[in-house]
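A short write-up of the structure that comes next.
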Amino acid sequence: LDQKGYILIGYSGHSYVLYNILKSTDKIVTAYCDQEEKASNPFNLKYLGTETSEAAVAELEDNPFVIAIGDNAIRKKVYASLSAKQLLPVNAIHATSIICQSAHIGSNGIMISAGVIINPLATIGTGAILNTGCIIEHECSVGSFAHIGPGAVLCGNVNVGPQTFVGAGSVIRQGITIGANVMIGAGAVVVKNVPDNTKVLGNPAR
Ligand SMILES: CC(C)(COP(=O)(O)OP(=O)(O)OC[C@H]1O[C@@H](n2cnc3c(N)ncnc32)[C@H](O)[C@@H]1OP(=O)(O)O)[C@@H](O)C(=O)NCCC(=O)NCCS
């Protein structure tokens, strides 16, 4: 690349949000990796090939990058294959997010969108997505490669397991534990613990 800058891995809707997060703190985004060159290139980025191609790996060794893939399982898989080559994605944190000093934010691959609030002693795992305007209250824990959807609210002391998706606008009552690989529908109100590998919907969520 002619200029050092951030590289997006994945270049569709979710990556557009990540692009905007990086721009909010004046980062320069130069290129992307994907399965194929995209017909739609709204930010005029250079195509580097797949993230495993020789040309792309050379650039990923030299430039900061983010994994811009919303699907939790695929994001985790791509993270694993890159970290095996000692290539680790950076965090992307929007300028308008509010993160308490006592919150513990992992070092790699975390996305924190516009308007997110993270309150005291919350813990955010590697590769997690905190989407637009969600609220992570005091002492919550968000597992690795989990995704908290836009506008969702985790009340205090909620635990969200790894690779779990919490739908847009849902509310999780304080003290609740949600297992790994769970799907919580948009707008759900969760008032009971949720076991691993399940899907729950509605108010109260079942
Ligand atoms: C829960 C969800 C995954 C279900 O998707 P799906 O498996 O394709 O389900 P369908 O749309 O076929 O709906 C199946 C039934 O569940 C109901 N349903 C779907 N989503 C629901 C929700 N969020 N809350 C309550 N009921 C819901 C449907 O009305 C339908 O009911 P019916 O069988 O009585 O007609 C999806 O609707 C959803 O909420 N996804 C999260 C969206 C989101 O938060 N996106 C943010 C992206 S950043």
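We count ligands from 1, going down the list as the structure has it; atoms in each ligand are counted the same way. Position 1 is the first residue of the sequence; numbering continues from there.
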Protein non-hydrogen atom below 4.0 angstrom of atom 15 (C) of ligand 1 present
no

To check your reading of the model: name the closest protein heavy atom to atom 3 (C) of ligand 1, its residue, and the distance in Å.
Met183 SD, 3.8 Å

Between Val116, Ile99, Leu130, which is the residue that forms a side chain to side chain contact (heavy atoms under 4.5 Å, CB included) with Ile93?
Ile99

Shortest heavy-atom approach to atom 40 (N) of ligand 1 - which of Ala186, Ala168, Ala152:
Ala186

Could you tell me which atoms of ligand 1, counted from 1 in the order shown, lie closer than 4.0 angstrom to a heavy atom of Gly185?
1 (C), 23 (N), 39 (O)

Considering the options His14, His94, His147, which one meets the side chain to side chain contact (heavy atoms under 4.5 Å, CB included) requirement together with Met111?
His14

Looking at non-hydrogen atoms alone, which of Gly149, Pro150, Gly202 comes nearest to atom 48 (S) of ligand 1?
Pro150

Where do Glu137 and Asn119 land on the side-chain hydrogen bond (donor to acceptor under 3.5 Å, both in side chains) test, with the steps shown first?
CA-CA 5 Å; Glu137 265 304 337; Asn119 261 344; 3.0 Å; yes

State whether any protein heavy atom lies less than 4.0 Å from atom 12 (O) of ligand 1.
no

Atom 34 (O) of ligand 1 protein-contacted (non-hydrogen atom, under 4.0 angstrom)
no

Side chains of Asn41 and Tyr47: any donor to acceptor distance under 3.5 Å?
no

Taking the basic N atoms (NZ, or NE/NH1/NH2) and the acidic carboxylate oxygens, is any pair closer than 4.0 Å for Arg75 and Asp71?
no

Indicate whether atom 30 (C) of ligand 1 is within a distance of less than 4.0 angstrom of some protein heavy atom.
no

Does a side chain donor of either Thr25 or Lys27 reach within less than 3.5 Å of an acceptor in the other side chain?
yes

Which residue and atom name correspond to the protein heavy atom nearest atom 6 (P) of ligand 1, and how close is it?
Lys199 NZ, 4.3 Å

Go through the side-chain N and O atoms of Asn181 and Asn197 and say whether any donor and acceptor fall under 3.5 Å apart.
yes

As an exercise, identify every atom of ligand 1 less than 4.0 angstrom from a heavy atom of Gly167.
44 (O)

Which residue supplies the protein heavy atom nearest to atom 41 (C) of ligand 1, what is that atom called, and how far is it?
Phe165 CE2, 3.6 Å

Heavy atoms only: which of Leu201, Val17, Asn131, Val200 is nearest to atom 20 (N) of ligand 1?
Leu201

Under 4.0 Å from atom 22 (C) of ligand 1, can you find at least one protein heavy atom?
yes

Tyr6-Tyr19 aromatic ring centre distance below 6.0 Å:
no

Report whether Phe65 and Phe145 are members of the same hydrophobic cluster (ILVMFWY, side-chain heavy atoms less than 4.5 Å apart, transitive linking).
yes

